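Input: a single structure, listed below in structure tokens.
None of these values were measured; they are calculated from a predicted model. Note that the numbering runs from 1 along the sequence shown for the chain.
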Amino acid sequence: MLLRKMFRDIKNNLGPFISIFLMTILASFVFSGINAEWYGMQTEADRFYEESKLPDLWIMGNKFDKEDLKRVKQMTSVSEASLRLSAHAITGKDNNKTLTINIIEDTTLSNMLIVEGKAFSSDEDGLWLDKYFAEANELSVGHTIFFEIAGLKLERTISGLILHPEYILSSEDGANMPDFEKYGFAFMHSSSFPQGFEIPYNQILISIKENNDEAVVYKELEYMFSDRYFMIIDRNAHQSVSAFRNEIEQNKAVGGVFPIVFFLIAALSLLTTMTRLTNSQRTQIGILKALGFSKNRILLHYISYGLWIGLMGSIIGLLTGPLLLSPILFDMQKTLYILPEWYAVISKESFIVAALLTISCGLSSYIACHKQLKDVPATCLRPKAPKKIGRCGIEKCIIWKKMSFAVQWNLRDVTRSRVRSLVVLIGIAGCTALILFAFGLRDTMNSAGSWMYGDLNVYENRINLTENPSDEDLSILDNSFNGQWVQESAIELKSSGTARQGLLTVLDEGTEIRFEDEKRNNLILPKDAVGISYKMADVLGVNIGDTIEWRIYGDRDWNKSKIALIYRTPVGQGISMRRAYYESNYSAFKPTALLTSEVIPEGLKSDAVKNIQNTDTLMNNFNTTLESIKTLIVILILAALVLGGVVLYNLGVLSFSERTRELATMKVLGFFPKQIRLLTQMQNTWLTILGILLGIPAGFLLVSYMFSTMHDTLDMMPYISTISVIISILVTLILSELINLVLSGKIKDIDMVSSLKSVE
């Protein structure tokens, strides 16, 4: 009987219950969809790392040999180790493409995944090429490729197409986005080199046994190779691994924030709906008690309203999120990352959230109805005494009498229906915040691109140099183009026990690179000290006047520098200094690039030129990133519109039903329907405007939180344009007015006789 009653009650209050149902679906849908996306990516990456035996450490050095490998393998903390030569090679018809060639002796560690072609073997004198580089350049198994490495010009046949765990993010040094047409990687067996050629291995890959301290291993390796150039990179510092891990962390942050609004709205809406329902069923509760139904039985009956709605909505969202939302997000991720498989995985957190959502709905039902069950049956069967309503605080003010009737009437209703008004405020604020957050993502990315390649880097072309260019070649370039020489080197920085990797930028005379503070004011690089990026200074806990220690990777000795400047830059966190200061205090200047705003003729040939990057190309990389988040922006806006629309309609229907008697009285007193519509719309307009005022700062906070979760190498200053704020406000206002128009149409359907009829 009670089950039939529940279905009948839901049918009679279909609008509010449907809106609550949609909120629970959205909350579970968004969380489970985003959660299944990043958890699936992490699961596949972990599987790929494990099956391919990704190393724990990479030792970068100079001319490692088999004796060095033997010494490393004899370490008690090392389980596996192998040698590798990794070097850049120039290829392509115009020598404008770069391949990272990896020469290995075995596949003990960091094994490749063969997608097409033959298995990797010492008997095969071929090349195993990056699958995506091959596809972008229309290469396939059996094609011949020419390249130069270690001073040798080689020609090899492509034996297979591969994926590799170290290249989940496959981008050239300094690039923000993969460019598969210009950059790729390849593997060769050492036996394919000419006989008698001694391979200058520059890496030792190491796998550490479980329960061994990496810091101790570091010290042992430093002592072992103290007589030569070296550096050590662990998984956390590996470019591809760390970038992918950072992406996962960002997705976690986004997935954790969004459902909170939907959770809160669903719970409060259910509380309001169930409070109204139980108040209207006071007599029915008394009859059930008189018929012998226990208090707990009736309580469980009303709690089941919320439990069933929460459970069904959570299950539907839990199942549809990974099926519908995750594939859309995967399409965004595929522009940046390469995984063997892309699939959604529902994690235990999704089930926990679904359970919490169900419990919160049940708890809302409990709070709404438990007070009604305190009375005895006889009391419940009598009409409830009208609630004594005193004058609210504002009614005691002098200005109250100067207010119009419409303002007074709506102010009374807002103060007497605080929960309902609070739900509307939260819903409107959430709607505005989500729309503003969506546009803020776009604006910040656009701003970062124009900031990086319009304000800070004002050059048009970047001529990247080979590792050891001759003085003659550098002189020719210097005489051919007016520009600014720059040396960029990977470095380690430390201060007060905190160490980080960063970038050293040494600038020759010129104006192609500029510096700005957090307010985008121009700064001048000091002549007798160094400048440090804001993000690096924050991570290391240093400020102007402090001294920082740093060393170029491969150097054993640490340098000390005084900080005289803190600047902001979206990428390339580290320290910067002038050439004269660097040469007089540290080492000889070794340029890695020439920055120029002059036009570079096509087909420029020089042994010193590695490649040429144009700022238009770099900006296109940023725009490609922006294109990848457009889908996310659309999803956020749609979710915001559903949130705002459902909340406004649901609470509007509840408000209308609660004020039916008052509205009918107004009609009897001679108010025209148009006047009543304006009267009821006034309150929604107030709450909408107040919700927007709360939602705007919330949107800014969401954008700031999103970009605060980015990796230490990135420093995106949150930015939301004025036009985005205006659009967010207008969209919310238009949505509110549309809902008002729908609800105001109910006024003409009010039956004055039944509405004003007393309880019999």
Side-chain angles (χ1 to χ4, degrees), residues 58 60 83-105 107 110-118 120 124-194 197 199-203 205 238-240 337-338 462-469 592-593 605-613 617 621:
W58 289 259
M60 310 296 185
L83 286 171
R84 185 166 74 184
L85 167 64
S86 183
H88 289 317
I90 304 301
T91 186
K93 294 180 180 179
D94 299 323
N95 290 329
N96 60 347
K97 305 179 190 301
T98 303
L99 278 177
T100 298
I101 304 293
N102 298 277
I103 312 300
I104 60 177
E105 293 188 334
T107 55
S110 201
N111 199 3
M112 67 195 76
L113 174 65
I114 308 294
V115 178
E116 181 183 344
K118 301 177 182 178
F120 188 80
E124 188 70 28
D125 186 19
L127 186 79
W128 281 261
L129 185 63
D130 172 13
K131 171 192 172 184
Y132 287 88
F133 179 84
E135 291 178 351
N137 291 278
E138 299 181 350
L139 298 171
S140 60
V141 176
H143 282 171
T144 300
I145 188 168
F146 299 86
F147 58 93
E148 181 178 344
I149 183 174
L152 296 175
K153 293 184 178 180
L154 302 176
E155 171 187 350
R156 291 292 182 270
T157 300
I158 300 173
S159 299
L161 303 181
I162 62 171
L163 302 179
H164 198 274
E166 293 183 39
Y167 296 93
I168 286 181
L169 174 64
S170 178
S171 61
E172 194 171 5
D173 296 340
N176 302 305
M177 287 283 294
D179 187 350
F180 300 119
E181 185 179 355
K182 297 290 186 180
Y183 174 79
F185 61 90
F187 281 76
M188 293 173 55
H189 196 278
S190 58
S191 62
S192 65
F193 261 65
F197 181 81
I199 300 175
Y201 292 109
N202 56 10
Q203 294 183 13
L205 284 56
H238 192 279
Q239 178 186 0
S240 173
Y337 304 103
I338 300 170
R462 179 188 181 95
I463 304 175
N464 293 312
L465 307 178
T466 54
E467 289 187 12
N468 295 301
T592 57
K605 294 183 178 180
S606 172
D607 292 336
V609 177
K610 178 182 176 182
N611 58 45
I612 300 172
Q613 292 177 307
T617 303
N621 288 340

Students often mix this up, so state it plainly: with edges at 30° and 60°, are the rings of Phe187 and His164 parallel, tilted or perpendicular?
parallel
What pair of heavy atoms forms the shortest contact from [X] to [Y], and how long is it?
| X | Y | answer |
| --- | --- | --- |
| Leu129 | Ala134 | CD2-CB, 3.9 Å |
| Val115 | Lys131 | CG1-CD, 4.0 Å |
| Val141 | Gly117 | CG2-CA, 4.1 Å |
| Tyr183 | Asp130 | O-OD2, 4.4 Å |
| Ile338 | Ser170 | CD1-CB, 4.2 Å |
| Thr157 | Gly142 | CG2-O, 3.6 Å |

When rounded to the nearest 0.5 angstrom, what is the spacing between [atom1] in [X] and [atom2] in [Y]?
| X | Y | atom1 | atom2 | result |
| --- | --- | --- | --- | --- |
| Ile104 | Ile199 | CD1 | CD1 | 11.0 Å |
| Leu139 | Ile158 | CG | CD1 | 4.5 Å |
| Leu161 | Leu127 | CG | CG | 10.0 Å |
| Thr98 | Phe147 | OG1 | CZ | 13.5 Å |
| Phe185 | Trp128 | CZ | CH2 | 14.0 Å |

Given the rule in the side-chain hydrogen bond (donor to acceptor under 3.5 Å, both in side chains) test, do Tyr337 and Ser240 qualify, once you have shown the distances and angles that lead to the verdict?
CA-CA 9 Å; Tyr337 304 103; Ser240 173; over 6 Å; no
Would you mind telling me which of His143, Lys182, Lys97 makes a side chain to side chain donor-acceptor pair (under 3.5 Å) with Asn137?
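Passing option: Lys97.
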For residues 185-194, pull every pair meeting side-chain hydrogen bond (donor to acceptor under 3.5 Å, both in side chains), keeping only residues two or more places apart or in separate chains.
His189-Ser191
Do any N or O atoms from the side chain of Thr91 and from the backbone of Phe146 form a donor-acceptor pair under 3.5 angstrom?
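Yes, Thr91 side chain to Phe146 backbone: donor-acceptor pair under 3.5 Å.
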When Met188 is tested against each of Ile103, Leu85, Asn102, Asp125 for side-chain contact (heavy atoms from CB on, under 4.5 Å), which residue passes?
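Exactly one option meets the side-chain contact (heavy atoms from CB on, under 4.5 Å) with Met188, and it is Ile103.
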Is Glu166 close to Leu205 at the side-chain level, that is, under 4.5 Å between some pair of heavy atoms?
yes
Test item: Ile162 and Phe120 side chains (from C-beta on) under 4.5 Å apart, heavy atoms
no
